[in-house]
Peer 1: 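Sharing a structure with you now.
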Amino acid sequence: VFVGSSLIDMYAKCKRLDDAHRIFNRLPKRNVVTWSALIAAYAQRGCAEEALQLFKQMQQEGMQPNQVTFVSLLKACSGIAAQDRGKWIHDQIIEKGLEVDLYIGSTLVDLYAKCGDFKDAQVLFDRLPRRDIATWSALIAGYAKHGYGHEALQLFQQMAQNGLVPDRVTFICALQSCSSIAAHEHGKQIHMQIIKNGFESDLRIGSSLIDMYAKCGSLENACVVFDRSTKRNVVTWSAMIAGCALHSNYSLALRFFEDMQRVGLEPNCVTYLCLLSACSHAGLVEEGCVYFKMMREDHGLAPTLVHYNSMADLLGRAGFVNEAEDLVECLPFRPD
RNA sequence: AACGGAAAGUAGAU
């Protein structure tokens with residue numbers, strides 16, 4: 001049973017869910033870990049229906065779920081914002097008296113927050129006997145995701161008052177909260193805390209900082225963060241190009257686009273989207289068309305629906321309404 | 001042997 005469960009986990013972590021399920025079907029003996037491993041695998045890959053289906057099958061066979069099983073099931077529900085299904089799982093958790101579990105509590109907060117039900121999320125949060133940094137982050141991220149930047153930042157401060165030290169995830173959530181409401185001063189303060197906590201060289205924190213400053217109106221500070229950074233990857237550069245686009249600074253965007261290639265980095269789909277956005281904001285139709293071609297011809301990147309959308313935006317903004325219409329009609333995708 | 005907070009950081013329109 002141990003070997004079988006490990007095999008399922010291994011195949012799942014190699015993204016080979018079919019093989020994981022095949023192993024599962026062939027096992028002569030299964031315990032709660034075996035079931036939970038496969039349910040977790042589906043939940044993590046966003047296959048909520050499969051996870052819930054397995055749970056029903058598990059119950060039919062009389063196998064009792066444990067904390068881990070429930071956490072994975074809740075995650076499956078929150079992944080597709082299925083509050084009704086989540087509530088159904090929640091009821092069973094209450095029946096078993098498992099709501100007090102730290103992981104289950106945090107995942108429940110995450111579920112309600114992701115679904116935008118802040119009333120239930122808050123009530124639950126308040127009655128949990130144990131909370132850690134992930135519990136707080138789940139609520140903060142939920143508020144930030146739904147555009148409640150002020151509430152998110154307030155919680156972030158409250159968390160510190162409760163003696164909890166933010167980690168990378170919490171900092172990124174806090175920075176995103178600042179971005180969403182252009183809270184420049186809060187952003188600067190959080191930046192100082194990041195330095196104090198030694199996270200400034202983190203790649204993800206770095207691009208979040210660039211994004212935050214640009215969205216808070218300071219392309220200058222975004223450039224300062226970029227210049228001071230010691231590690232940069234394609235996301236760092238793309239965040240910078242996105243910032244230039246937001247500030248309608250096409251020439252600077254182009255300079256970053258060229259420099260990133262000079263240091264040996266390949267632009268990806270998002271990089272091109274940032275660049276197209278820069279062209280669009282600057283009204284540079286010809287340049288935009290050049291880059292649209294270049295992404296396939298020079299970098300082997302097939303334009304996706306969002307790239308076509310961006311081109312339609314570019315043409316439409318510049319007054320080429322007919323051309324934009326033609327583009328939408330010839331779309332190799334279903335338009336959204 | 002299985003589990004929680006980041007769409008794990010960057011992009012369009014509104």
Side-chain angles (χ1 to χ4, degrees), chain A residues 1-10 12-13 20 31-41 43-44 46 65-76 78-79 81 101-111 113-114 131-142 144-145 166-176 179 202-212 214-215 222 232-243 245-246 256 267-281 304-314 316-317 335-336:
Chain A
V1 182
F2 275 53
V3 173
S5 306
S6 297
L7 277 172
I8 289 170
D9 185 47
M10 182 199 73
K13 295 207 163 105
N31 64 13
V32 64
V33 176
T34 324
W35 283 92
S36 302
L38 193 58
I39 289 174
Q44 279 159 7
N66 66 9
Q67 282 99 323
V68 178
T69 328
F70 281 126
V71 167
S72 297
L73 288 165
L74 289 172
K75 195 178 173 177
S78 67
D101 178 86
L102 177 63
Y103 275 36
I104 288 191
S106 303
T107 315
L108 279 167
V109 169
D110 177 54
L111 169 75
K114 274 212 176 88
R131 301 175 204 122
D132 68 3
I133 197 158
T135 326
W136 283 87
S137 288
L139 196 53
I140 293 171
K145 178 191 154 95
D167 65 5
R168 297 158 208 256
V169 177
T170 331
F171 275 129
I172 288 172
C173 294
L175 289 174
Q176 286 172 342
S179 302
D202 183 277
L203 270 174
R204 285 159 280 198
I205 294 268
S207 35
S208 275
L209 279 168
I210 290 169
D211 178 59
M212 181 277 291
K215 286 184 178 147
R232 296 168 194 152
N233 66 5
V234 62
V235 178
T236 322
W237 288 87
S238 301
M240 210 50 244
I241 296 170
L246 191 66
F256 279 108
N268 66 15
C269 287
V270 177
T271 318
Y272 270 105
L273 208 48
C274 299
L275 197 61
L276 290 177
S277 164
C279 294
S280 177
H281 285 264
T304 66
L305 176 63
V306 282
H307 294 95
Y308 281 95
N309 288 348
S310 197
M311 286 307 287
D313 173 55
L314 174 80
R317 246 185 233 269
D336 67 359

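Residue numbering restarts at 1 for every chain, and letters A, B, ... go by the order of the sequence lines.
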Peer 1: Once you apply a heavy-atom cut-off of 4.0 Å, does A:S106 come out as touching a base, just sugar-phosphate, or nothing?
Peer 2: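 Result for A:S106 = base.
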Peer 1: Give the rounded distance in Å between these two atoms: CZ of A:R317 and C1' of B:U14.
Peer 2: 11 Å
Peer 1: On a plain distance test, is the side chain of A:S310 in donor-acceptor contact with the base of B:G12 below 3.5 Å?
Peer 2: no
Peer 1: Can you tell me whether the side chain of A:D132 and the base of B:G5 have a donor-acceptor pair closer than 3.5 Å?
Peer 2: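 Result: no qualifying N/O pair found.
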Peer 1: Measure from the side chain of A:D167, starting at C-beta and using heavy atoms only, and say which of B:G9, B:G5, B:G4 lies closest.
Peer 2: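 The nucleotide sitting nearest to the side chain is B:G5.
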Peer 1: Using the P atom on both, measure B:U10 against B:A6 and round to a whole Å.
Peer 2: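 Those two atoms are separated by 13 Å.
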Peer 1: Please check: side-chain N/O of A:D132 versus main-chain N/O of A:T135, any donor-acceptor pairing under 3.5 Å?
Peer 2: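 Checking the backbone N and O of A:T135 against the side chain of A:D132, a donor-acceptor pair under 3.5 Å is found.
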Peer 1: Atom CD of A:Q176 and atom P of B:G5: how far apart are they, to the nearest Å?
Peer 2: 14 Å
Peer 1: Pick base, sugar-phosphate or nothing for A:L38, based on heavy-atom distances below 4.0 Å to the nucleic acid.
Peer 2: nothing
Peer 1: Which one, B:A13, B:G4, B:A2, comes nearest to the side chain of A:V71?
Peer 2: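 Minimum distance to the A:V71 side chain belongs to B:G4.
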Peer 1: Write down the distance separating the C1' atoms in B:A1 and B:G5, rounded off to the nearest Å.
Peer 2: 24 Å
Peer 1: Let's see if you can work this out: which of B:G5, B:G12, B:A1 has an atom nearest to the side-chain heavy atoms of A:S137?
Peer 2: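 Of the options given, the side chain of A:S137 lies nearest B:G5.
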Peer 1: Output, in order, the C-alpha distance, side-chain angles, deciding distance and verdict of side-chain hydrogen bond (donor to acceptor under 3.5 Å, both in side chains) for A:D110 and A:T107.
Peer 2: CA-CA 5 Å; A:D110 177 54; A:T107 315; over 6 Å; no
Peer 1: Indicate yes or no: at least one non-hydrogen side-chain atom of A:S5 is less than 4.5 angstrom from one of A:N31.
Peer 2: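 Side chain of A:S5 against side chain of A:N31, heavy atoms only: contact under 4.5 Å found.
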Peer 1: Can you find a donor-acceptor pair, distance only, under 3.5 Å between A:T107 side chain and B:G4 base?
Peer 2: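 Counting by modelled atom types and ignoring angles, no donor-acceptor contact under 3.5 Å is found here.
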Peer 1: Taking atom types as modelled, find out whether A:S6 and A:D9 have a side-chain donor-acceptor pair closer than 3.5 angstrom.
Peer 2: no
Peer 1: Nearest whole Å is fine: how far is B:A6 P from A:L209 CG?
Peer 2: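 That distance rounds to 19 Å.
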Peer 1: Pick the C1' atom in B:A7 and in B:G12, then give their distance to the nearest Å.
Peer 2: 16 Å
Peer 1: In sequence, state the C-alpha distance, the side-chain angles, and the governing distance for A:Q176 and A:K145, and then conclude on side chain to side chain contact (heavy atoms under 4.5 Å, CB included).
Peer 2: CA-CA 8 Å; A:Q176 286 172 342; A:K145 178 191 154 95; over 6 Å; no
Peer 1: Select one nucleotide: of B:G4, B:G9, B:G12, the one nearest the side-chain heavy atoms of A:L102.
Peer 2: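 Nearest to the side-chain atoms of A:L102, counting from C-beta on, is B:G4.
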Peer 1: Let's see if you can work this out: which of B:U10, B:C3, B:G12 has an atom nearest to the side-chain heavy atoms of A:K13?
Peer 2: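 Among the listed nucleotides, the one closest to the side chain of A:K13 is B:C3.
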Peer 1: Can you give me the closest heavy-atom contact between A:A245 and A:S277, atom names plus distance?
Peer 2: CB-OG, 3.6 Å
Peer 1: Do the side-chain N or O atoms of A:K114 get closer than 4.0 angstrom to the phosphate oxygens (OP1, OP2) of B:A6?
Peer 2: yes
Peer 1: Choose from B:G9, B:G12, B:A1 the nucleotide whose nearest atom is closest to any side-chain atom of A:V1.
Peer 2: B:A1
Peer 1: Round to a whole Å and report the spacing from CG of A:N31 to C1' of B:C3.
Peer 2: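 Result: 15 Å.
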Peer 1: Within the 4.0 Å heavy-atom criterion, would you say A:S280 contacts the bases, only the backbone, or no part of the nucleic acid?
Peer 2: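 Counting heavy atoms under 4.0 Å across all strands, no contact is made by A:S280.
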Peer 1: At under 4.0 Å between heavy atoms, what does A:T135 touch on the DNA or RNA strands: base, sugar-phosphate, or nothing?
Peer 2: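 Base contact.
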Peer 1: B:G5 phosphate, OP1 or OP2: any side-chain N/O from A:K75 under 4.0 angstrom?
Peer 2: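 Answer is yes, contact under 4.0 Å.
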Peer 1: Applying the side-chain contact (heavy atoms from CB on, under 4.5 Å) criterion to A:S36, which one of A:I39, A:V33, A:V32 satisfies it?
Peer 2: A:V32
Peer 1: Does A:I140 reach a base, just sugar-phosphate, or nothing at all? Heavy atoms under 4.0 Å.
Peer 2: nothing
Peer 1: Counting only distance, no hydrogens or angles, is the base of B:G9 paired donor-acceptor with the side chain of A:D202 under 3.5 Å?
Peer 2: no
Peer 1: With respect to the side chain of A:A37, which nucleotide from B:A2, B:A7, B:G9 is positioned closest?
Peer 2: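 Taking heavy atoms from C-beta onward, the closest nucleotide is B:A2.
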Peer 1: Under 4.0 Å from OP1 or OP2 of B:G4: is there any side-chain N or O of A:Q44 that close?
Peer 2: yes
Peer 1: What is the distance, rounded to the nearest whole Å, between atom CG of A:L74 and atom C1' of B:G5?
Peer 2: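 The distance from CG of A:L74 to C1' of B:G5 comes to 14 Å, rounded to the nearest Å.
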Peer 1: Figure out the CE/C1' separation between A:M212 and B:A6, and round it to whole Å.
Peer 2: 16 Å
Peer 1: Assess, by modelled atom type and distance only, whether the side chains of A:S310 and A:H307 contain a donor and an acceptor separated by less than 3.5 Å.
Peer 2: no
Peer 1: Base, sugar-phosphate, or nothing for A:S238, non-hydrogen atoms under 4.0 angstrom?
Peer 2: base
Peer 1: Using only side-chain N and O atoms of A:Q67, determine if any of them is under 4.0 Å from OP1 or OP2 of B:A2.
Peer 2: no
Peer 1: Any side-chain N or O of A:H281 below 4.0 angstrom from OP1/OP2 of B:A13?
Peer 2: yes
Peer 1: Rounded to whole angstrom units, what separation is found between the CZ atom of A:F256 and the P atom of B:U10?
Peer 2: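 Distance, rounded to whole Å: 17 Å.
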Peer 1: Counting the atoms with a prime plus P, OP1 and OP2 as sugar-phosphate, which does A:A134 contact under 4.0 Å by heavy atoms, base, sugar-phosphate, or nothing?
Peer 2: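 Answer is base: heavy atoms of A:A134 come under 4.0 Å of a base.
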Peer 1: Rounding to the closest angstrom, what is the interatomic distance between B:A13 and B:G9 at atom C1'?
Peer 2: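 Looking at atom C1' only, B:A13 and B:G9 are 22 Å apart.
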Peer 1: Taking the minimum atom-to-atom distance to the side chain of A:V68, which one of B:A2, B:U10, B:G9 wins?
Peer 2: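 So the nucleotide nearest the side chain must be B:A2.
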Peer 1: A:W136 has an atom CH2; how far is it from atom C1' of B:G5, in whole Å?
Peer 2: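 Going from A:W136 (CH2) to B:G5 (C1'), I get 14 Å.
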